[in-house]
Every structure is written in structure tokens, then in C-alpha cells.
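Just so you know, these numbers come straight off a predicted model, no measurement behind them.
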Amino acid sequence: MKQPPTTSLCTHTLTSLTYGDADLVQDLMGKKTFTEVMLMQILGRSPRPVDLRITDVVLIVLMEHGLTPSAIATRVVYMSAPENLQGAVSAGLLAVGSSFVGTMENCSGLLDRIIAASSPMEEARSIAGHYQSQKSPVPGFGHHLHKPVDPRAYKLLEMGREEADLKGDRIRALEMLSQAVDESAGRAITINATGAVAALLGEIGVPTRIMRGFAVISRAAGLVAHIAEEQQNPSGRFIWETVEHAIAYVSPGAAEEQ
């Protein structure tokens, strides 16, 4: 007979609630930080001091980047349905994907390939050449605002290199890929923040397939801040009206003639 599924995350009785092996009231409340408990739950182990330092700086870096698609979505949905704060936040979180914010997952997959290869540098060059032939940006590289470097990325990597408890293999893989990307492009292409985040989260043992979750956690906090500002200084209707006036209507018949 097939065994039923189980969970190790949480259980409760009439008088207690347990996270993993820790009693919520006796072991966690007032004794552990949110980041500690989050990593304990996601990674299934007690986090090291280095894990906490890396995670905190990553969450700070990913939390905010101004009026990006996710923030715009949140503000416009909140303007439309102010009684539904969570709906507005979730609307913004739907924009955390392979083009914005969540690209660390795509980059981390490339780092996995480089680390697993018998010739890591050749694999890095193969990856860079593939994206060059497709005329597509390599995940984790390039930025439309930050040039010639993304200062967040270089600060993250500097902090990662200073951590003696990290192996450094993911950082080295990113450096190889950066060299290959520059060679393929014939010019320097900046490592962006999500590329550095991919390397650092990998260094502390976060699996590639769960990395985007850290962007979701961080960006949720940023979107709540956007709603707090929207309540005091609304911009949702301005965004709507600006788009409505900026995009001209063209009848289907005229569009076909163009």
C-alpha cells in the first residue's frame, strides 16, 4: 500500500505549535529572528552565521528598485481595489519572473552546468556563445540602468569573497561565465545583481529551483511599502491616465494597412 504524504514543517496540539523540532513559543518567539526561522524552514537545518549574513544582504538588495513592472502592477491594482491589499501585493509578485527580479534562478542553472562540467571554462564559453548566437542576454548579465557596472553586484561578490566559510565555487563559476560573456560580446558586460545573488545563494546551499522564492519574499516587503506610499501619495490613477493618453488608438483596418 502506498504510504500517505508527510510534512516536517509544522504541527500543533491544543496548547502548542511546533516548527520542525522547535517549539514556537518556547524556542523561537523572542529568541530567533525572522531570517533564522525562514532559513530553518526552507533549508531544513539550523543556519550558520554566514548564511544569515548572506541572506539578509540578498533580501535587502532584492526588496526595491523603484517603479518597476511589479510595483506598477501593485499600485494600479490597489488603486482599483483598495480593500484588497493582499491582492495588490500578489499582482506585483506575479511579475517576479525570468525577465525581472527572478532571473537569479536562470543564472544559477548556468552556474550548475559550469560546476558540473569536466572543463568548466569551455562550458562557460559554450553558454556565452549560445546566447550570443541567439542575440539574447545571458541571465545574470547586463542592466538597462546600471552601466558600466551594477554596484550592487560587485558589493555582493566582494562580501561573498570575504566570507571564509564559503567554498567559493559558485562565485568562481560566475567569474568564468563573466569572462566568457565579455569574450563573446567583444566588450565588458556587467554582472547584474541577480547574477551575484545566484552565486551567493548557491554558496549557502539554496537549491536553484527554490531561489526565486527568496525574490518573492523580499519583493513582497517592498510592495507593501509601495502600498503604504500609495495610501499617502497616490500614483496609480496617474499611471493609468498617462498610459491611456500615451498609447493612441488605431482602428483594425488602419493597422492592417500599415
- Note on the structure: Residue pairs meeting salt bridge (charged side-chain N to carboxylate O under 4.0 Å, His left out), one or both in residues 192-203, sequence neighbours left out, come to none

- Message: In the structure I gave you, are the side-chain heavy atoms of V138 and H130 within less than 4.5 Å of one another anywhere?
- Response: no

- Message: Listing request: all salt bridge (charged side-chain N to carboxylate O under 4.0 Å, His left out) pairs with a residue in residues 13-31, at least two apart in sequence or in separate chains.
- Response: none

- Without hydrogens or angle criteria, can the side chains of T35 and D56 be said to hold a donor-acceptor pair below 3.5 Å? yes

- For residues 182-198, which residue pairs qualify under salt bridge (charged side-chain N to carboxylate O under 4.0 Å, His left out), counting only residues two or more places apart or in two chains? R125-E183

- For T33, which residues count as a side chain to side chain donor-acceptor pair (under 3.5 Å) partner, sequence neighbours excluded? E36

- Task: Using a 4.5 Å cut-off on heavy atoms from C-beta on, say whether the side chain of I171 contacts that of L200.
- Result: yes

- Message: Show the nearest heavy-atom pair for residues G109 and T208, with the distance to one decimal.
- Response: N-CG2, 3.8 Å

- Message: Testing the basics here: between L59 and M38, what is the closest heavy-atom pair and its distance to 0.1 Å?
- Response: CD1-CE, 4.0 Å

Could you give the side-chain donor-acceptor pairs of residues 5-15 under 3.5 Å, partners two or more places apart or in another chain?
residue, atom, partner, partner atom, Å
T7, OG1, L9, N, 3.2
T13, OG1, T15, N, 3.2
T13, OG1, S16, N, 3.0
T13, OG1, S16, OG, 2.8

- Task: Please assess L157 against L174 for the test side chain to side chain contact (heavy atoms under 4.5 Å, CB included), listing each intermediate value before the final yes or no.
- Result: CA-CA 10 Å; L157 292 172; L174 183 65; 3.9 Å; yes

- Short side-chain to backbone donor-acceptor contact, T55 and L52, under 3.5 Å: no

- Task: Give me the other members of the hydrophobic cluster that M29 sits in, counting Ile, Leu, Val, Met, Phe, Trp and Tyr linked by side-chain heavy atoms under 4.5 Å, directly or via other members.
- Result: L17, Y19, L24, V25, L28, V37, M40

- With sequence neighbours excluded, residues passing salt bridge (charged side-chain N to carboxylate O under 4.0 Å, His left out) with E162: none

- Task: Give the minimum heavy-atom separation between M211 and V206, together with the two atoms involved.
- Result: CE-O, 3.5 Å

- Report yes if some heavy atom in the side chain of W240 is under 4.5 Å from a heavy atom in the side chain of S80; otherwise report no. no

- Query: Who passes salt bridge (charged side-chain N to carboxylate O under 4.0 Å, His left out) against E64, sequence neighbours left out?
  - Reply: none

- Could you pull out the closest heavy-atom pair between P69 and A95, with the gap in Å? C-CB, 4.4 Å

- Hits for salt bridge (charged side-chain N to carboxylate O under 4.0 Å, His left out) against R113, two or more places apart or cross-chain, chain-then-number order -> E123

- Message: Donor-acceptor check, side chain of R172 to backbone of K167, threshold 3.5 angstrom: yes or no?
- Response: yes

- When you measure from the side chain of S218 to the backbone N and O of M63, does any donor-acceptor pair fall under 3.5 Å? yes

- Item | NZ/NE/NH1/NH2 to OD/OE distance under 4.0 Å, R209 and E105 | no

- Query: Heavy atoms, side chains only, cut-off 4.5 Å: are P120 and I115 in contact?
  - Reply: no

- Distance-minimising heavy-atom pair for G20 and Q41: N-OE1, 3.9 Å

- Message: Checking E230 now: which residues fulfil side chain to side chain donor-acceptor pair (under 3.5 Å) with it, not counting sequence neighbours?
- Response: R75, S235

- Below 4.0 angstrom, N of the basic side chain to O of the carboxylate: do R48 and D51 qualify? yes

- Item | For Y249, the rest of its hydrophobic cluster, which grows through side-chain links under 4.5 angstrom | none

- Residues passing the side chain to side chain donor-acceptor pair (under 3.5 Å) test with N84, sequence neighbours excluded, are Q86

